[in-house]
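A note on names: the letters A, B, ... follow the listed sequences, proteins ahead of strands, and every chain is numbered from 1.
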Amino acid sequence: MASARMIPSEWLWGWDPTPGIVSVHAEHNGRAQVWRRLPATGELIHEHERFRPWVLLDRLDDLRHLGAQLTREGGTNAPVRYRELEGPGALRYHVSADDGRMLTSAILHGASQRKGTRLSQLRDLGQKSVLALSPEEQYLVATGRTYFRDLAFDQLHRLQFDLETTGLNAQHDRMFMVSIRYPNGDTEVLEAHGDDGPAEANLIRRLMERIAAADPDVIENHNLHGFDLPFLDRRARMLGVALSLGRVGGPGLRQRAARRGVASGNPDENRRVRFVAPGRELIDTMDAVRRHDFSTRELPGHGLKVVAKHLGIAAPDREYIRGDQIYATYCVDPERVRRYATDDVEEVAALSRMLGGAAYALAQMAPRRYERLSDAGPATGVIDPLLVRAYMRAGMALPAHEEGDGTVHSGAALYLFASGVAHRVVKADVASLYPSLMRAYRIGPGRDRLGALLALVDGLVERRLDAKANARAEPVGSPQRHSYEAVSAALKIVVNSAYGYLAAGGGLTRFADVHAANEVTRRGREVLGLMCRELAAQGVTLLEADTDGVYFAVPASWTELDERRVVANVAAMLPPLVQLEFDGRYAAMLSHEPKNYALLGYDGSLLLRGVAFRSSRSEPYGEHFLRRSIAKLLVGNVAGVRETYLATITALRARALATHDVSSRVRVTKSPEEYLATRGKRRELTYEAMLASGRTTWSVGDRIRVYRKQNGEGGVVVPSEDPALAEPARDYDVRYYVRLLRETYAERLARAFTPEDFAAVFADPDQYSLFAPPLGQIRTTLTTLLSS
DNA sequence: TCATACCGGGG
DNA sequence: GTGTACGGTATGA
């Protein structure tokens with residue numbers, strides 16, 4: 001597979017040592033502008049460079065019509081030059097020209113003649129015939145330059161701004177305030193002097209002036225690309241104000257196609273775009289949050305406030321105002337909104353510093369702009385550009401995308417060995433199983449003649465280990481530690497996506513190889529099976545195994561040392577590079593269904609996993625019952641489980657529970673008109689509840705809380721700042737909610753008992769005591785479903 | 001009940 | 001010239 005041995009460090013980092021690049025803007029005419037901050041002084045320099053725009057083609061036929069204007073590289077200095085690359089790849093002609101547009105039109109001219117149809121864009125030739133990168137990426141691939149060499153994140157000049165508007169709709173709502181945080185940490189609040197168009201236009205102009213004067217390398221905000229820039233762009237157009245956010249280029253924002261962008265201005269095309277400002281990098285911290293949460297999966301949401309709180313960067317005196325109250329608050333207490341808006345930009349700056357290191361690290365490696373890498377997917381967004389550069393550097397022809405041969409992709413293994421209650425539970429798992437298997441068995445794409453993907457994975461894993469070690473050397477919770485962890489997380493995502501890169505079907509990735517991907521999962525299932533068998537042989541009880549991890553229970557006499565010893569014993573039997581780790585230990589586990597379980601920690605904490613145990617639609621009383629009853633169940637307090645059940649029924653019957661506790665949060669998906677049109681056929685509780693409460697207008701997307709009333713109608717629980725007002729009559733349907741408790745919530749504990757015992761524990765209060773066994777004698781059960 | 005489509009956010 | 005990472009919720013057959 002790996003025929004040539006290159007220097008992988010070039011593949012990972014490029015080769016040009018130019019330090020401090022903070023932005024690149026290139027055009028098809030072969031001119032590139034580079035902004036650099038000198039690492040030693042922080043001084044900004046602006047350089048004009050030339051490069052030869054280039055593409056890769058699968059044939060030269062379409063350029064023959066150029067005659068003497070086309071020559072082989074190294075010959076005469078014709079305007080269009082080519083070089084044939086080595087190896088079997090389909091994209092084997094590297095063609096460059098003085099001017100990229102001239103090159104493009106020459107290719108299109110030839111291809112149109114050959115095909116007998118008029119082609120207007122290179123992409124009409126198909127990705128099997130042509131590879132054309134953006135001018136910036138052509139420049140970076142050709143030069144081996146990358147962003148931020150020898151530059152620390154804190155040396156970047158970052159400016160944050162945040163719009164405060166009267167609403168979310170740029171068509172009708174307007175900006176009335178902008179908060180700014182400058183690279184030196186100063187903040188400022190700009191306000192519209194009046195509520196008319198000229199006042200708003202003046203506000204936009206002042207914002208532009210401030211940005212130009214501060215001249216930042218990077219502009220940041222949370223949901224910058226999803227809200228602030230589109231809103232600003234729209235308002236500026238409507239008001240006839242020229243926007244200029246970049247360092248060069250005329251007025252108006254430029255656009256680029258982006259999957260996670262907003263709908264382009266033209267409603268006919270369903271293209272999504274993001275805005276571009278030449279010379280500056282437009283960074284949306286939400287992208288960093290998404291990427292972070294992707295690997296940690298611990299964030300309660302992706303909004304700025306909730307993330308800042310969770311990561312411990314929200315100031316203790318941080319001002320909070322509900323989104324829909326901001327303008328109303330401004331009208332009565334403008335100072336409060338000023339504080340709020342300032343806190344927003346401060347938080348964005350801190351958030352970016354904490355999580356931005358990931359994209360920053362990727363931009364030091366991959367030949368793309370920083371802002372592209374901050375929202376890029378790991379496979380086509382990061383790995384593919386690295387591979388393209390490696391192949392160009394090696395002078396190797398690049399394989400074109402190819403459809404699979406129809407082989408289906410087989411996935412991971414999932415076993416539920418036992419359900420019910422288990423004690424002394426241990427979780428062991430393999431870190432990064434799939435990339436480890438790729439590395440251990442050298443499973444790479446068949447068409448990767450350079451062996452570049454595996455070399456990159458090796459390099460990225462090493463780099464990640466460095467970041468992890470650096471993180472461990474910093475104090476827990478410190479920004480430095482978070483930064484290293486963010487780098488580590490980003491690299492983990494890229495490393496793990498190497499497998500996804502193989503497995504992607506339908507010609508999505510250049511080196512997709514379903515056979516290699518199947519070999520990875522086959523090895524993975526083999527390793528999981530081996531882990532399970534060997535663990536069982538050591539005397540543990542297997543509970544659940546999924547892809548790369550196993551839950552098992554150990555005998556009562558074992559200590560934590562015994563648990564760790566067993567994991568180490570089994571780890572020693574696994575292939576090299578496949579590292580089985582001790583991932584956690586728990587006092588007890590309720591195993592309900594695959595991927596649905598509850599874990600009781602030795603510290604008393606209760607962890608619920610899976611849709612059976614947590615759902616946003618759950619009624620609060622049901623969720624509360626689940627938590628309390630499972631906590632008792634897992635310590636063997638069966639009488640306590642019944643008490644909790646009876647207490648909940650008693651509370652329902654006595655209407656001691658607030659209506660809010662039995663209500664369910666639902667999302668309104670039909671407009672009043674739409675619902676009224678179908679109301680005759682089918683009545684829905686949500687809408688009936690709103691109508692019955694006198695609400696005749698609502699908008700799609702609203703979230704409301706509804707409950708079932710005694711008379712079968714629906715009721716709405718209205719949120720209110722005043723708890724006294726929020727409490728409606730407790731006229732909920734008690735019988736319905738008692739039944740829901742038994743049939744939906746108590747049911748989640750069914751696996752923990754024999755059917756008779758379950759019936760006894762959850763018998764109706766009035767029926768209990770006839771033939772039921774005494775509660776004190778009831779033991780929880782663990783049922784073996786599958787033997788290893 | 002099960003499969004699939006869509007969303008995650010911003011004021 | 002974009003992306004094929006998840007996990008929950010809403011919906012339609």
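Applying the ring-ring contact (aromatic ring centres under 6.0 Å, His included) test to A/Tyr597 and every residue at least two apart in sequence or in another chain returns A/Tyr551. Remark: A/Thr166 engages no residue in a side-chain hydrogen bond (donor to acceptor under 3.5 Å, both in side chains) (not counting sequence neighbours). Legend: residues meeting side-chain hydrogen bond (donor to acceptor under 3.5 Å, both in side chains) with A/Asp284, ordered by chain and number and at least two apart, are absent. Here A/Tyr501 pairs with nothing under the ring-ring contact (aromatic ring centres under 6.0 Å, His included) rule; sequence neighbours left out. Residues passing the ring-ring contact (aromatic ring centres under 6.0 Å, His included) test with A/Tyr139 are A/Phe51, sequence neighbours excluded.
A/Leu304 comes within 4.0 angstrom of the backbone, heavy atoms only, and of no base. Base contact: A/Leu168 has a heavy atom under 4.0 Å from a base atom. Within the nucleic acid shown, A/Gly303 comes within 4.0 Å of sugar-phosphate atoms alone, with no base atom in reach, counting heavy atoms only. If you check every strand for non-hydrogen atoms under 4.0 Å, A/Leu163 touches sugar and phosphate atoms only. Among the protein residues, A/Asp287 comes within range of no part of the nucleic acid, since none of its heavy atoms lies under 4.0 Å from any strand. Residue-level contact check: A/Asp284 touches neither bases nor backbone, having no heavy atom under 4.0 Å from any strand.
One can place CG of A/Leu351 at 11 Å from P of B/dG10, the figure rounded to the nearest angstrom. Separating the CD atom of A/Glu136 from the C1' atom of C/dT2 is a distance of 16 Å, rounded to the nearest angstrom. B/dG9 atom P lies 20 Å from atom CD of A/Glu220, rounded to whole Å. Rounded to whole Å, atom C1' of C/dG3 lies 14 Å from atom CZ of A/Arg291. Taking atom CG on A/Leu133 and atom P on C/dG3, their separation rounds to 14 Å, with Å as the unit. Separating the CD atom of A/Gln325 from the P atom of B/dG11 is a distance of 14 Å, rounded to the nearest angstrom. The nearest whole Å value for the distance from the NE2 atom in A/His172 to the P atom in B/dG10 is 21 Å. Between the C1' atom of B/dG10 and the CZ atom of A/Arg322 lies a distance of 15 Å, rounded to the nearest Å.
A gap of 26 Å separates the P atoms of C/dG8 and B/dG11, to the nearest Å. Using atom C1' as the reference point in both B/dA5 and C/dT4, the two lie 15 Å apart (nearest Å).
For C/dG3, one of the phosphate oxygens OP1 or OP2 lies less than 4.0 angstrom from a side-chain nitrogen or oxygen of A/Arg372. A sub-4.0 Å separation between OP1 or OP2 of C/dC6 and a side-chain N or O of A/Lys595 is absent.
Contact between A/His222 and A/Asp228 at its shortest, heavy atoms only, is O-OD1, 3.9 Å.
Where A/Arg290 and A/Thr166 each meet DNA chain B at their nearest nucleotide, the meeting point lying more 5' is that of A/Arg290.
For DNA chain C, the residues of residues 375-388 of chain A within the heavy-atom distance limit of 4.0 Å (strictly under) are A/Gly377, A/Pro378, A/Thr380, sorted by number.
Annotation: cation-pi pair A/Arg318/A/Tyr320 present, NZ/CZ under 6.0 Å from the ring centroid and within 45° of its normal.
Side-chain contact of A/Tyr391 with A/Arg510: a donor-acceptor pair under 3.5 Å is absent, judged by distance alone.
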